[in-house]
Enquirer: 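Dropping a structure here in structure tokens format, bear with me for questions.
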Amino acid sequence: MTTSSHLDYDYDFVPPPDAPVFTPTMEEFKDSLAYFEKIRVIGEQYGICKIKPPDEWQPPFAVDVDKLKFTPRIQRLNELEAHTRIKLNFLDQVAKFWELQGSSLKIPIVEKRALDLFTLKKYVNKEGGLEFVNAEKRWGKVAAELGFNPLNSTKIGNLLKTHYERILYPLDVFEKEEGKKIKDEINIEEEISPKKEEGGRKGRMGGGRMQQHVEDDSKSFSKELARLQFFGAGPKSGMPDNKSMKEKTRGVKLNFEYDPLAKYMCQNCGKGDAEEQMLLCDGCDDSYHTFCLMPPLAEIPQGDWRCPKCVLAEVSKPMEAFGFEQAQKEYTLQSFGEMADQFKSDYFNMPVHLIPMSLVEREYWRILDNIDEDVMVEYGADLHTMDHGSGFPTLGSKHLSPDDLVYADSEWNLNNLPVVPNSILKQIDMDISGMKVPWLYVGMCFSTFCWHVEDHWTPSINFLHWGEPKTWYGIPAKYAEKAEAVMRESAKELFQSQPDLLHHIVTTMNPNVLQAHGVPVYRMDQYAGEFIITFPRGYHAGFNHGYNLAEAVNFAPPDWLAIGRKCVEHYSLMRRFCVFCHDELVCKMATHPESLTLQVAAICYKDMLTMVETEKVHRRALLEGGIKEAEREAFELLPEDERQCAICKTTCFISALTTINGRDDQEIVCLRHFSRMDVDPSNLILRYRYTLDELATLLQGLKVRAESYETWTSKVRAALEAKGEDRMEFVDLKKMYTEARDHKYPESELLEALQLTVEEADK
């Protein structure tokens, strides 16, 4: 691609304001989670922030460069941007419409750029449709709306009129006519169909039905499925009887009691005359006169031709869920780097090190916003460090030098951060790849990470080991729902076919669009040797400026626990699967409170208290609702898919409802859905992991651990201040000192004083 075609005009992307940068001292840098707590109040107002480590903190790169091989993902840039993808999907639909009728679509070039047919159709509809625009001579206004030169609007308007009438109007007429036919068919079907039986379909839950919110459910169905649901399946039978055969002959191929010449009759007028103007569909063999079609065809098409029914079936097929495909080629770090550098220097037509970052950023958003820019890049994303090795040295690394050992032990080593003493993720037994175990990312110019929040709304940390910078964009957590609403509203066409689109991390949107709708966005450039932190529920996205390698992982400070519970509640509303079970994590922590730090124990107590109070309310509702049966269930021993709520997909642990004497693969539901279930309570049984008394005991253990430090400090203070006969025995003082060490009480002046006293007495 020549640079003159894509760099010859200024694209008006306005970079958002910068997020904050923090520069800790070596002393502050020692305790990672304490430092996050210190900067959190400022950082979470931006969604992202940068941490520049002290100059002397420079970890070596530990990946075996020769051994690392990976297959990247392919990213077609203009398919990533939501609005551009909608336009490309529409173009696919128009192209398919013409291709099925024996013609190929050539997109017109107007004023040196490809005509945006989607936006043209949108503005013509906005002005009242083709007939109205023609009658009121509004083509000049449409041209101006599309951004063409107002001084030349009459000439361009006439061009647009010609293109619209030639390419889009036949599709408009076709959709209108077929829509009318479908409506008529539905009306006839409603008249002849018997009324639907009272009471819905019987489900697996004891022969009853779940009264779910219909409007929620319908979102996940396509129009075709919705129609099938409405009319239900037809009677299961063998051969149709004569009466039904006579009533339904259109589109049905029968070999007997059927006129063999009928298929050569026009499906619209029912006549078989004017044979030279009769078209035979290459899809279903139905016949149509060229002059009976809407719109009529002026001549017989040269290639294959499909009838209106076949075209409709093809054009109205739902779009496939969008995702990245894997490249065919496997790369080493060296071969990927050579390809990446070659691409960037060829694209910008200058040496890699001379290309300004501002130009790359502006060009990136220009490509994403253009339907006629077909730029394809590759991204080595989500490479498991368990398979490829971490960029940080670990205690298992070969040939560790004493200097390397410092970094292998460092809390800022991303292999260690998720499992430092105060981290909640430390309590999860399984190694969740990408969340508790880091992932590597090998980037090239324009390779992209799309808008997303982290799983379970945990914060994340990204370290750029080496190479060219990354540009990040972040949205503060308090604007997360507004950002989602703006994306859904401005890209309705995508979300209709894929409601959970944002969970798949394959869609981005120009920050300027979000800002224009009142969503604050901040940006940050990350250079080699720097950390980027994303805060809980902070949407973030970005791209790479060139060949680089980064590593990222999630972590969970104690104050995340309350946010994590809110996230699971949100997931259940969205019917999204959990990565791990929040309640199980909390109960696991409560079963060994002595191993928790004081801060974690206190926060865990609060979170568990919320959980237990909610559970009491739900179990009381079951009793009052007439559920008498209960049995213990070790949910943690069940396969994941057998402990997911059939309604909201949440992973159950504390309790669940199911039917009595159900099968092993019986569906279960959360207790909170009981009030909306139309099921006989006598058929239901409560499965529970703990009794309420057992939960109270677990809570008490957390409380004792959380308060142990306060109890200890008051005892030590009294002992050290005691005079004369009130003074404590040496054995008791030593016990208190041992307790502090065993329970990992925090360093304090009081502990120092106790230590000195014990050491003095021990001499």
Enquirer: Does some side-chain heavy atom of M611 sit less than 4.5 Å from a side-chain heavy atom of C587?
Expert: yes
Enquirer: Should I668 and E642 count as side-chain neighbours, where that means a heavy-atom distance under 4.5 Å?
Expert: no
Enquirer: Shortest non-hydrogen contact from P20 to I48?
Expert: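 Answer, listing the atom of P20 first, then I48: CD-O, 3.9 Å.
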Enquirer: Hydrogens and angles aside, do S447 and Y441 bring a side-chain donor and acceptor to less than 3.5 Å of each other?
Expert: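 No pair is found: no donor N or O on one side chain lies under 3.5 Å from an acceptor on the other.
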Enquirer: If only atom types and distance count, is the side chain of K87 paired as donor or acceptor with the main-chain N or O of I371 below 3.5 Å?
Expert: no
Enquirer: Once ring pair (Phe, Tyr, Trp, His ring centres under 6.0 Å) is applied, do any residues pair with Y690, and if so which ones, sequence neighbours excluded?
Expert: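 In terms of ring pair (Phe, Tyr, Trp, His ring centres under 6.0 Å), with neighbours along the sequence ignored, Y690 is linked to no residue.
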Enquirer: Quick one about Q515 and N512 (side-chain donor to acceptor, distance below 3.5 Å, no hydrogens or angles considered), yes or no?
Expert: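 Side chains of N512 and Q515: pair found under 3.5 Å.
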Enquirer: Which heavy atom of L80 sits nearest to which heavy atom of C450, and what is that distance?
Expert: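 Taking every non-hydrogen atom into account, CD2-SG, 4.3 Å.
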Enquirer: State, with a plain yes or no, whether a side-chain heavy atom of R687 is found less than 4.5 Å away from one of C652.
Expert: no
Enquirer: Do W560 and F555 have their ring centres less than 6.0 Å from each other?
Expert: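 W560 vs F555: aromatic centres not under 6.0 Å.
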Enquirer: Report the residues that fulfil ring pair (Phe, Tyr, Trp, His ring centres under 6.0 Å) with Y479, sequence neighbours left out, ordered by chain and then residue number.
Expert: none
Enquirer: Taking the side chain as every heavy atom from C-beta outward, state whether T508 and F543 have any atom pair closer than 4.5 Å.
Expert: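 Not touching, per the 4.5 Å side-chain cut-off.
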Enquirer: Name all residues meeting the side-chain hydrogen bond (donor to acceptor under 3.5 Å, both in side chains) criterion together with K38; count only those two or more places apart in sequence or in a different chain, and write none if there are none.
Expert: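 Partners of K38 by the side-chain hydrogen bond (donor to acceptor under 3.5 Å, both in side chains) criterion, ordered by chain and then number, come out as E28.
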Enquirer: Nearest 0.5 angstrom please: L671 CG to L686 CG, how far?
Expert: 5.5 Å
Enquirer: With D455, which residues qualify under side-chain hydrogen bond (donor to acceptor under 3.5 Å, both in side chains), at least two apart?
Expert: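 Checked D455 against side-chain hydrogen bond (donor to acceptor under 3.5 Å, both in side chains); matches are R576.
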Enquirer: Can you list the residues that meet the side-chain contact (heavy atoms from CB on, under 4.5 Å) rule with H592, with sequence neighbours excluded?
Expert: Q427, K588, E594, S595
Enquirer: Check side-chain hydrogen bond (donor to acceptor under 3.5 Å, both in side chains) between R632 and all other residues, then give those that pass, not counting sequence neighbours.
Expert: E694
Enquirer: Nearest 0.5 Å please: distance from the CZ atom of R565 over to the OG1 atom of T610.
Expert: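 Here the interatomic distance stands at 6.5 Å.
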Enquirer: Just so I know, are the side chains of P476 and Y522 near enough to count as touching, which here means a heavy-atom distance under 4.5 Å?
Expert: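 The answer is yes; the side chains approach within 4.5 Å.
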Enquirer: Kindly write out the residues that satisfy ring pair (Phe, Tyr, Trp, His ring centres under 6.0 Å) with Y473, not counting sequence neighbours, or none if the list is empty.
Expert: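 Expected list: W365.
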Enquirer: How many angstroms lie between atom CG of N416 and atom NZ of K426, to the nearest 0.5 angstrom?
Expert: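 Here the rounded value is 10.5 Å.
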Enquirer: Could you walk me through whether K616 and E613 satisfy the salt bridge (charged side-chain N to carboxylate O under 4.0 Å, His left out) test, starting with their C-alpha distance in whole Å, then the side-chain angles of each, then the deciding distance to 0.1 Å, before giving a yes or no?
Expert: CA-CA 5 Å; K616 281 181 186 172; E613 291 304 316; 3.6 Å; yes
Enquirer: Which atoms form the tightest heavy-atom contact between V521 and P17, and what is the distance?
Expert: O-CD, 3.6 Å
Enquirer: Which atom pair, heavy atoms only, marks the closest approach of G625 to P681?
Expert: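 G625 and P681 have their closest heavy atoms at O-CG, 3.2 Å.
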Enquirer: Tell me, do T534 and N462 make a side-chain contact under 4.5 Å, heavy atoms counted?
Expert: no
Enquirer: Within the distance-only criterion (no hydrogens, no angle test), does the side chain of E81 pair as donor or acceptor with the backbone N or O of H83 below 3.5 angstrom?
Expert: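 Answer holds: yes.
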Enquirer: Do you know the tightest heavy-atom contact between T597 and P421?
Expert: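 Scanning both residues, the minimum pair turns out to be CG2-O, 3.7 Å.
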Enquirer: Are H540 and W451 close enough that their ring centers fall under 6.0 Å?
Expert: no
Enquirer: Taking only residues two or more places apart in sequence or in another chain, which ones pass side-chain contact (heavy atoms from CB on, under 4.5 Å) with E584?
Expert: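 E584: side-chain contact (heavy atoms from CB on, under 4.5 Å) contacts with C581, E636, R643, F653.
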Enquirer: Do C49 and I39 come close enough that some side-chain heavy atom pair is under 4.5 Å?
Expert: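 A side-chain contact under 4.5 Å exists here.
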Enquirer: With sequence neighbours left out, what residues match R40 under salt bridge (Lys or Arg N to Asp or Glu O under 4.0 Å)?
Expert: E37, E44, D559
Enquirer: For E640 and F577: C-alpha separation, side-chain torsions, deciding distance, then whether side-chain contact (heavy atoms from CB on, under 4.5 Å) applies.
Expert: CA-CA 10 Å; E640 281 297 301; F577 296 105; over 6 Å; no
Enquirer: Give me each pair satisfying side-chain hydrogen bond (donor to acceptor under 3.5 Å, both in side chains) with a member in residues 646-655, each pair once, sequence neighbours excluded.
Expert: E615-S655
Enquirer: In Å, rounded to the nearest 0.5 Å, how long is the span from CD of E631 to CD1 of I685?
Expert: 4.0 Å
Enquirer: Check step by step if side-chain contact (heavy atoms from CB on, under 4.5 Å) holds for N422 and V600.
Expert: CA-CA 6 Å; N422 248 7; V600 170; 3.6 Å; yes
Enquirer: Report the C-alpha distance between I42 and F22 in whole Å, list the side-chain angles of each, state the deciding distance to 0.1 Å, and finish with yes or no for side-chain contact (heavy atoms from CB on, under 4.5 Å).
Expert: CA-CA 10 Å; I42 299 169; F22 296 99; 3.9 Å; yes
Enquirer: State whether the side chain of S423 and the backbone N or O of P418 hold a donor-acceptor pair below 3.5 Å, judged by distance alone.
Expert: yes
Enquirer: Enter the distance from E454:CD to F535:CZ here, rounded to the nearest 0.5 Å.
Expert: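 With rounding to 0.5 Å, CD (E454) is 12.5 Å from CZ (F535).
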Enquirer: Between T471 and R523, what is the shortest heavy-atom contact and its length?
Expert: CG2-NH2, 3.6 Å
Enquirer: When you compare the side chains of T691 and D693, does any donor N or O come within less than 3.5 Å of an acceptor on the partner?
Expert: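 Absent: no donor and acceptor within the cut-off.
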Enquirer: Quick one: pull up CD1 in I563 and NE2 in H570 and give me the separation to the nearest 0.5 Å.
Expert: 14.0 Å
Enquirer: When you look at M589 and M608, which way does the side-chain contact (heavy atoms from CB on, under 4.5 Å) test go after all the steps?
Expert: CA-CA 10 Å; M589 289 158 74; M608 190 170 185; over 6 Å; no
Enquirer: For N125, what residues pass the side-chain hydrogen bond (donor to acceptor under 3.5 Å, both in side chains) criterion, not counting sequence neighbours?
Expert: none
Enquirer: Begin with the C-alpha distance, continue with both residues' side-chain angles, and end with the deciding distance and a verdict on salt bridge (charged side-chain N to carboxylate O under 4.0 Å, His left out) for R537 and E481.
Expert: CA-CA 10 Å; R537 214 190 178 181; E481 286 184 14; 3.3 Å; yes
Enquirer: Can you list the residues that meet the ring pair (Phe, Tyr, Trp, His ring centres under 6.0 Å) rule with F580, with sequence neighbours excluded?
Expert: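 Testing F580 for ring pair (Phe, Tyr, Trp, His ring centres under 6.0 Å), a comparison that skips the adjacent residues, returns H456.
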Enquirer: Mark yes or no for whether R705, through its side chain, and L596, through its backbone, hold a donor-acceptor pair below 3.5 Å.
Expert: yes
Enquirer: Does any part of the side chain of N415, heavy atoms only, come nearer than 4.5 Å to the side chain of P438, both counted from C-beta?
Expert: yes
